[in-house]
Protein chains: 2
Amino acid sequence: MATHDGSRTVEAVQTTLDIIELLLERDGAGITEIASELDRSKGTIHGHMATLSQNEFVVKEGETYRLSLRYLELGEKVRDRLQIYDVVTEELDDLSASCGELAQFAMPEHGRAVYIYKSAGEKAIQSASSPGKREYMHCLSLGKAMLAHMPRERVEEIIDRHGLVGYTDNTITDPDTLFEELETIRERGYAFDREEKIEGLRCVAAPVKTKEEIIGAISISGPASRFEGEFYEEELPSKVTRSANVIEINSQFS
Amino acid sequence: MATHDGSRTVEAVQTTLDIIELLLERDGAGITEIASELDRSKGTIHGHMATLSQNEFVVKEGETYRLSLRYLELGEKVRDRLQIYDVVTEELDDLSASCGELAQFAMPEHGRAVYIYKSAGEKAIQSASSPGKREYMHCLSLGKAMLAHMPRERVEEIIDRHGLVGYTDNTITDPDTLFEELETIRERGYAFDREEKIEGLRCVAAPVKTKEEIIGAISISGPASRFEGEFYEEELPSKVTRSANVIEINSQFS
DNA sequence: TCCCACGTTCGTGCAGTGCGAACGCGCGAT
DNA sequence: ATCGCGCGTTCGCACTGCACGAACGTGGGA
C-alpha cells in the first residue's frame with residue numbers, strides 16, 4: 001500500500017471540497033463570502049455552487065448556501081455499513097450503566113481516531129466528542145489501544161503524517177517513548193490516558209480486533225478525582241477489556 | 001429566486017459527485033469498476049480518488065474505495081443545526097406511544113420530502129424510510145401537507161421538476177386534481193394518504209410551520225386494515241394536528 | 001433617491017483535466 | 001514454477017473547460 005501523497009489531484013474538486021469544509025464550519029455562507037475566504041473569483045464559486053446545488057449537496061436559501069439534508073442519508077448509510085454498530089451500542093450502554101461513567105467507541109481512519117458512539121452513565125462527564133469527530137491517536141487511550149495493534153511501519157507513517165502534538169505535560173511527544181508505551185499496552189491488553197490530552201481527564205481503553213486486524217477500541221472516561229487507585233488501575237481495565245471481548249465475539253456472528 | 005438550471009457548472013466536480021453517489025449505492029468499488037461505470041478513463045478516476053482520499057472523504061482499503069467516516073461528522077452537524085430536532089423527537093416519541101403506530105417527521109428540500117426522524121409505536125409497521133431518505137411529495141401525506149402551504153408557483157416548479165409519478169391507482173397524477181387536494185388540505189388543516197404510494201398503507205399528516213414559512217410535517221402511518229372509520233378520519237387527524245401544534249409552539253423558544 | 005454590495009452572466013487565455021498507452025505487480029490457472 | 005490476465009498507477013500530450021474579472025441587474029439601507 002503505497003500511501004505516497006504525490007498523486008496528481010484534481011484542483012477543481014479540491015476547491016469544491018474546500019467549500020464543503022467551509023460550510024461545515026459556518027452555518028451558511030454567501031458567494032462573496034466564500035470566494036474571499038478561499039481566494040477564488042465570485043464567478044468560479046458560483047459555478048461550483050450551481051453544481052453542488054443541482055446534485056442536492058447544498059441548498060440555497062435566498063442568498064445563503066447551506067449543507068443539505070443529503071448528508072443525513074450519507075451518514076446513515078456509512079453507519080449502517082458498520083456491521084459491529086449494533087453490537088457496540090448495546091454493549092456500551094451496558095458498560096456505561098454498570099460503571100456510571102462515559103463509554104465511547106472509536107475506529108481508526110486516515111491515521112486518526114474517529115468517534116462512532118458514546119454512552120453516558122449517571123455520573124458521566126460531558127465530552128466534546130460526537131460521532132464522526134476525528135482526533136489524533138497518540139494522546140487518547142482509545143488511540144493508543146489501536147496503535148498498539150498496528151504494524152510498526154503503519155504507526156511510523158501516522159507519526160510522519162500527523163506528528164505528536166503536545167497538549168499537556170503528560171502528552172507523549174517523543175516517538176521512542178510512544179513505541180515503548182505501545183509495547184506495554186500490547187502486553188497488558190489495555191491503555192491508559194493519564195491526562196495526556198486534557199488536564200483532569202483520565203481514560204482506560206481496550207482494543208477491539210478480529211484475528212488479524214484492529215477494528216477499533218472502546219474506552220471509559222472520567223475525572224481524575226474519581227479515576228485513581230484500584231478503581232482506575234484494576235476495576236475499570238477489567239470491565240473495559242471484558243466489554244471489548246464481548247464485542248469481538250458477538251461481531252463474529254453478524 | 002431564479003431557479004433556472006442553465007447555470008454553468010463544473011464538470012470535474014460533477015464527476016466527483018457521481019463517484020460519491022456510486023459509492024453510496026455500492027459498498028466499496030475499485031478504480032476500474034468506477035471508471036467503466038461512469039465512462040471515464042482509469043487515469044481520470046484515479047486522480048479524483050486521490051483528491052477525495054487526501055481530503056478524507058473516501059478511504060482506500062487495499063484496492064477498494066469506500067465512503068469514509070467523515071460523513072458521520074457531516075450528517076451529525078447538519079442534524080444539530082436543525083433547531084427543532086430535539087422538540088420533534090420528544091413529541092414524536094409521545095405521539096407514537098399514544099397511538100401505537102409509526103410517527104414520522106420530514107422537511108422539504110429541493111422539491112422533495114426528506115425524512116428526518118421516525119418513532120415506532122408498539123404495533124407500528126416497518127417502514128423503508130430512514131433519516132435522509134428523499135421521496136416525491138405528491139404521493140405522501142407528509143408531502144401534500146407541506147405542498148399545501150407553499151406558494152402555488154413553487155408547487156408548479158416542483159411539478160415541473162419532478163413530475164407526478166404514479167405508484168398506485170390512487171396516486172394523484174393530474175396537476176389540477178393535486179391543486180384541489182391541496183386546497184382541501186389547507187382548509188382542513190391535515191392531509192391523508194389513501195394508499196397513494198403503497199397499496200395497503202395509509203397515513204395522516206399535519207404541517208409544521210412558523211408564521212409565514214412551512215418547516216416540515218409530521219405523519220402517522222399504518223395498515224389500511226386498522227386505518228379506517230372514525231379512528232382514521234377523526235381521531236388520528238386530531239392527534240397529529242395537536243402534536244404539530246406542540247412542535248410549532250415549543251420550537252419558538254429554542 | 002441614490003448607492004453600495006450582492007448574485008449572476010459571459011468572453012477570453014491558458015492552466016489543468018482527461019485520455020490512452022505503458023508499466024509494475026499480485027493472483028490464479030495451468 | 002510459470003505464465004498471463006487484470007488490477008492500480010504513472011506520465012506525456014492535446015485540447016477542453018476552468019478560473020478570471022469585467023459588466024450587468026437587483027434589492028435593501030441610508
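Just so we're on the same page: letters track the sequence lines, and every chain starts at 1. Quick note: numbers below take in every heavy atom, side chains included, and nothing from hydrogens, waters or symmetry partners.
When rounded to the nearest whole Å, the span between CD of A:Glu63 and C1' of D:dG25 equals 12 Å. Following rounding to the nearest Å, A:Glu37 (CD) and C:dC6 (C1') show an atom-to-atom distance of 17 Å. For the pair A:Asp39 CG and D:dG21 C1', the interatomic distance rounds to 15 Å; values are reported in whole Å. In this entry the distance linking CD1 of A:Ile45 with P of C:dT9 reads 16 Å, nearest Å. Atom CD1 of B:Ile31 is separated from atom P of D:dG8 by 6 Å (rounded to the nearest Å). As rounded to whole Å, 17 Å separates atom C1' of D:dC7 from atom CD of B:Glu61. One can place CG of A:Asp18 at 11 Å from P of D:dA19, the figure rounded to the nearest angstrom. Protein atom CD1 of A:Ile34 is 12 Å distant from nucleotide atom P of C:dC6, rounded to whole Å.
Heavy atoms of B:Thr64 sit nowhere under 4.0 angstrom from any nucleic acid atom. Within 4.0 Å (heavy atoms only), B:Ser41 reaches at least one base atom of the nucleic acid. At the heavy-atom level, B:Thr9 lies under 4.0 Å from the strands shown only through sugar-phosphate atoms. Counting any heavy atom pair closer than 4.0 Å across all strands shown, A:Gly30 reaches sugar-phosphate atoms only and no base atom.
OP1 or OP2 of D:dC18 has not a single side-chain nitrogen or oxygen of A:His48 nearer than 4.0 Å. Applying the 4.0 Å criterion to OP1 and OP2 of D:dT10, one finds that A:Ser7 has a side-chain N or O inside that range. Taking side-chain N and O atoms only, A:His46 has no distance below 4.0 Å to OP1 or OP2 of D:dA19. For D:dC11, the OP1/OP2 oxygens have no side-chain nitrogen or oxygen of B:Lys42 closer than 4.0 Å. Here B:Thr44 reaches the OP1 or OP2 of C:dC19: one of its side-chain N or O atoms lies under 4.0 Å away.
Tested against B:Ser251, the residues B:Ile84, B:Ile215, B:Leu82 include a single side-chain contact (heavy atoms from CB on, under 4.5 Å) partner, B:Ile84.
Seen from the ring of B:Tyr167, B:Lys197 counts as a face-on cation partner, given the 6.0 Å and 45° thresholds.
Side-chain polar atoms of B:Ser129 and B:Gln104 form a donor-acceptor pair below 3.5 angstrom.
Side-chain proximity of B:Thr32 to the nucleotides D:dC7, C:dG18, C:dG7 is greatest for D:dC7.
Nearest-nucleotide positions on DNA chain D for B:Glu11 and A:Arg8 put A:Arg8 closer to the 5' end.
Using a distance-only test at 3.5 Å, with no hydrogens or angles considered, a donor-acceptor pair links the side chain of B:Glu248 to the main chain of B:Lys209.
Ring orientation note: the planes of A:Tyr117 and A:Tyr85 are nearly perpendicular, at an angle over 60° on the 30°/60° scale.
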